[in-house]
Amino acid sequence: MPNAEVTFYRHFFGQQESDEFFRVLYEEIKWRQDKINIYGKEIDLPRKTAWYGDKNHSYAFSGIHLEPEPWTPTLLQIKDRIEEIAKLKFNSVLLNLYRDGHDGVSWHSDAEKELGKNPVIGSVSFGDTRKFMFKHKRKKDLKAEVELIHGSFLLMAGTTQHFWQHQIPKTSQKVEPRINLTFRVILPMR
Ligand SMILES: O=C(O)CCC(=O)C(=O)O
Ligand SMILES: [Mn+2]
C-alpha cells in the first residue's frame with residue numbers, strides 16, 4: 001500500500017487466550033448504544049461501542065463525546081502485548097462490538113485532531129472474521145482488504161490515515177459477534 005504503513009499479524013494471540021479475551025470482554029465491557037444525527041434524525045450506530053483509557057482524556061468520535069472508563073486488567077493485558085510490537089504506549093482504546101452482519105462501520109479515517117499528525121492505531125480482533133477494506137482517498141483504483149480473524153492484530157501508522165479510508169462492510173452472510181479494540185494515543189487537549 002503506497003502512502004501507508006500497515007502491518008498485519010494474523011495470529012498475534014493464541015486460540016485459547018483469544019477465546020478467553022472474547023468471553024471476558026463481551027461480559028465485562030460497558031457496551032453502549034450510541035446514536036448519530038443524520039439530517040436531523042437520531043439513528044443508532046450499527047454496532048455497540050465503549051471507550052476506556054487513562055484519566056483526563058476525552059474524545060469526540062463521529063460527533064459523539066465520550067469520557068473514558070478506567071482500564072480493566074484484561075484491557076491492560078492486551079495493551080501490554082501490543083505495545084511490545086508497536087514500540088509505544090497507548091493511552092486509550094475504542095471498542096466495537098459487531099453483533100451480526102447488520103453491524104459495521106462505514107468509510108472513514110482515524111484522523112481526529114486529538115490523534116495528532118500521524119496517528120498510530122493498534123487494532124485487535126476477537127470473535128468472528130470480518131472483512132476490513134481500505135481505499136485510497138485520491139487514487140480511486142487503489143484498494144486493499146484483509147480478513148480480520150480471531151486473535152489478529154493490525155497496526156496502522158505513518159501517513160496511513162491521511163491517504164486511506166477504511167471500513168467494515170455489513171454482510172448478508174451469517175456471522176457471529178466480533179469484538180474489535182482500536183488502541184490509540186490521544187494528545188492532551190488544550
Ligand atoms: O472493527 C474494526 O476493525 C474497525 C473499527 C474502526 O475502524 C474504528 O473504530 O475506527
Ligand atoms: Mn477506524
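Atoms within each ligand, like the ligands themselves, are counted from 1 in listed order.
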Atom indices of ligand 1 within 4.0 angstrom of R184 heavy atoms, with elements: 8 (C), 9 (O), 10 (O)

With a cut-off of 4.0 Å, which atoms of ligand 1 are near a heavy atom of F132? 3 (O), 4 (C)

Among N, O or S atoms, H166 approaches the Mn ion (ligand 2) most closely through NE2

side-chain contact (heavy atoms from CB on, under 4.5 Å), paired with L181, selected from I29, L75, L94: L75

Quick check on contacts: which atoms of ligand 1 are under 4.0 angstrom from a heavy atom of I168? 1 (O), 2 (C), 3 (O), 4 (C)

For D110, the ligand 1 atoms whose distance to one of its heavy atoms is below 4.0 Å: 10 (O)

Which of the numbered atoms in ligand 1 are under 4.0 angstrom from any heavy atom belonging to N180? 1 (O), 2 (C), 3 (O), 4 (C), 5 (C)

Using a 4.0 Å cut-off to any heavy atom of H166, which atoms of ligand 1 qualify? 7 (O)

Under the criterion side-chain contact (heavy atoms from CB on, under 4.5 Å), which of I82, V120, V6, T160 is the partner of L155? V120

Are N180 and N96 linked by a side-chain donor-acceptor pair shorter than 3.5 Å? yes

Should Q167 be listed as contacting ligand 1, given a heavy-atom distance under 4.0 Å as the test? no

Under 3.5 Å, is there a donor-acceptor pair linking the side chains of N3 and T159? no

Can you give the angle D110 OD1 - the Mn ion (ligand 2) - H108 NE2, rounded to 10°? 90°

Step through the shown structure and confirm whether more than 12 heavy atoms of other residues, nucleotides or ligands are within 6.0 Å of NZ on K143. no

Anything under 30° is parallel, anything over 60° is perpendicular, the rest tilted; go ahead and classify F90 against F183. tilted

Using a strict 4.0 Å cut-off to heavy atoms of H108, name the atoms of ligand 1 that fall inside it. 6 (C), 7 (O), 8 (C), 10 (O)

Look at the rings of F153 and Y9 and say which category their plane angle falls in: under 30° parallel, 30 to 60° tilted, over 60° perpendicular. parallel

Taking atom types as modelled and ignoring hydrogens, do the side chains of D128 and H150 form a donor-acceptor contact shorter than 3.5 angstrom? no

Check the side chains of N118 and H162 for a donor-acceptor pair under 3.5 angstrom, ignoring hydrogens and angles. yes

Could you tell me whether R178 approaches ligand 1 through its side chain, its backbone, both or neither, with non-hydrogen atoms closer than 4.0 Å? side chain

Looking at ligand 1, does any of its N/O atoms fall within less than 3.5 Å of an N/O of Y98? yes

Which ligand 1 atoms are under 4.0 Å away from a heavy-atom of L94? 9 (O)

